[in-house]
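Structure first, commentary second.
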Amino acid sequence: MTKLDTLQYEGQERQKQNLQKMLLSISGDIRIVFIKLADRLHNMQTLKSLGDRPDKQVRIARETLDIYVPLADRLGIFAFKSELSDLCFRYLHPQEYTLLSSQIGIGKKTQERRLISYKRQLQDILTKESIPVEKITYRIKNMYSIYQKMSQKHKTLEEVYDHFAMRVIVPTVKDCYHTLGLVHQYFYPLDHRFKDFIATPKANGYRSIHTTIDIE
């Protein structure tokens, strides 16, 4: 595993792919990859200690964003992916990070209150319709994902529809599609904001249905 650390990272696409493949193939033991991801997360969390070496901070952040974030995504470890990408964002685009962090922070408590309210509404609807819900959770989208959408699509924060989301976990595929129908029945779905990852799963095996609704 230490071979990864001795390689000179050059940021080239082939180099990135080779390093990702190496992480997944070493010893045939996925636990080693988890340990490496956890170690990199700790390194990123303490990267501020290199404040006198901003060049090194940028290099480590770039390496992390190009290699470890896609790896966490491929393995479906979304908590690692989110925290790692936000930490990279902090060092790679410090001005944008500070501005967006301030904008999101202003409305975060209000968003959380709204999400709690919508969670209760959705729970009541699904209980009424006898949907066997296992869990309902919510989250606020990580900053780097929001920044990517804003920069790639030239949008303001207010124009990014899905900067918070709710997840409903149900036992069967049939229940999933039934839940989708009820969400569209009780809330207004937005056009062209629907993805069926049950019919077409992601490469990492992720299966879900995504929809965006108007809650104003």
Side-chain angles (χ1 to χ4, degrees), residues 1-105 108 137 139-155 157 160 162-165 167 197 201-206 208 210:
M1 196 65 198
T2 55
K3 290 182 180 179
L4 176 67
D5 297 318
T6 64
L7 292 175
Q8 182 177 4
Y9 174 71
E10 298 175 354
Q12 299 176 355
E13 189 62 32
R14 181 176 297 179
Q15 180 83 340
K16 291 185 287 185
Q17 292 175 359
N18 288 341
L19 289 172
Q20 289 176 24
K21 289 177 182 178
M22 181 185 295
L23 278 170
L24 289 173
S25 63
I26 289 174
S27 302
D29 191 343
I30 196 66
R31 292 174 298 180
I32 296 176
V33 181
F34 292 152
I35 292 170
K36 193 63 182 179
L37 281 170
D39 181 59
R40 177 53 60 122
L41 178 59
H42 178 263
N43 289 343
M44 289 300 301
Q45 289 170 335
T46 58
L47 195 57
K48 60 184 177 182
S49 63
L50 296 176
D52 59 335
R53 290 290 308 277
D55 58 322
K56 191 171 183 178
Q57 289 176 323
V58 169
R59 180 181 62 78
I60 293 172
R62 173 52 60 189
E63 178 184 272
T64 301
L65 188 63
D66 287 343
I67 298 173
Y68 292 88
V69 170
L71 184 64
D73 180 55
R74 184 171 180 179
L75 293 173
I77 314 175
F78 300 116
F80 271 46
K81 174 192 172 184
S82 294
E83 187 170 356
L84 281 172
S85 58
D86 277 355
L87 288 167
C88 293
F89 179 32
R90 176 179 181 178
Y91 294 101
L92 295 174
H93 305 282
Q95 293 182 341
E96 292 85 346
Y97 175 88
T98 300
L99 178 60
L100 188 57
S101 177
S102 175
Q103 290 177 329
I104 292 175
K108 190 172 182 179
T137 60
R139 56 99 177 138
I140 296 176
K141 197 175 185 73
N142 68 298
M143 285 196 296
Y144 184 65
S145 293
I146 294 175
Y147 168 73
Q148 283 183 302
K149 287 201 170 186
M150 290 173 63
S151 58
Q152 292 170 4
K153 299 183 178 181
H154 307 290
K155 292 179 178 290
L157 179 61
V160 177
D162 58 345
H163 56 273
F164 56 86
R167 174 177 295 165
F197 293 116
K202 290 187 176 183
N204 62 9
Y206 175 82
S208 181
H210 293 190

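Side chains are part of it too, since the values below use all heavy atoms of this structure and drop only hydrogens, waters and symmetry mates. Computed from a predicted structure; not experimentally measured. Numbering of residues begins at 1 and proceeds along the displayed sequence.
Under the 4.5 Å side-chain criterion, counting only non-hydrogen atoms from C-beta, Leu87 is not in contact with Thr64. Contact annotation: the side chain of Lys36 never approaches that of Ile32 to less than 4.5 Å [non-hydrogen atoms, C-beta and beyond]. Between Gln45 and Glu83 the shortest side-chain heavy-atom distance falls below 4.5 Å. Side-chain contact check for Asn43 versus Ile60: every heavy-atom pair is 4.5 Å or farther apart. Side-chain atoms of Leu75 and Phe34, non-hydrogen and from C-beta on, do get closer than 4.5 Å to each other. Under the 4.5 Å side-chain criterion, counting only non-hydrogen atoms from C-beta, Phe89 is in contact with Glu96.
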Derivation and outcome, side chain to side chain contact (heavy atoms under 4.5 Å, CB included), residues Gln103 and Leu99: CA-CA 6 Å; Gln103 290 177 329; Leu99 178 60; 4.2 Å; yes

Arg139 vs Arg167, side chain to side chain contact (heavy atoms under 4.5 Å, CB included): CA-CA, chis, key distance, verdict: CA-CA 8 Å; Arg139 56 99 177 138; Arg167 174 177 295 165; 5.7 Å; no

Verdict with reasoning, Met150 to Leu100, per side chain to side chain contact (heavy atoms under 4.5 Å, CB included): CA-CA 10 Å; Met150 290 173 63; Leu100 188 57; 3.9 Å; yes

Step-by-step side chain to side chain contact (heavy atoms under 4.5 Å, CB included) determination, Lys56 to Arg59: CA-CA 5 Å; Lys56 191 171 183 178; Arg59 180 181 62 78; 3.8 Å; yes

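With rounding to the nearest 0.5 Å, the separation of CZ in Arg40 from CZ in Phe80 is 13.0 Å. Considering CZ of Arg74 and NZ of Lys202, their distance stands at 14.0 Å, rounded to 0.5 Å. If you take NZ on Lys141 and CG on Asp86, they are separated by 11.0 Å, rounding to the nearest 0.5 Å. For the atom pair NE2 of His42 and CG of Leu37, the computed distance is 15.0 Å after rounding to the nearest 0.5 Å.
Of the possible donor and acceptor atoms, one in the side chain of Tyr91 sits under 3.5 Å from a partner among the backbone N and O of Lys48. Distance alone, capped at 3.5 Å, places no donor-acceptor pair between the Ser102 side chain and the Thr98 backbone.
Between Phe78 and Tyr206, the ring-plane angle classifies as perpendicular under the 30° and 60° cut-offs.
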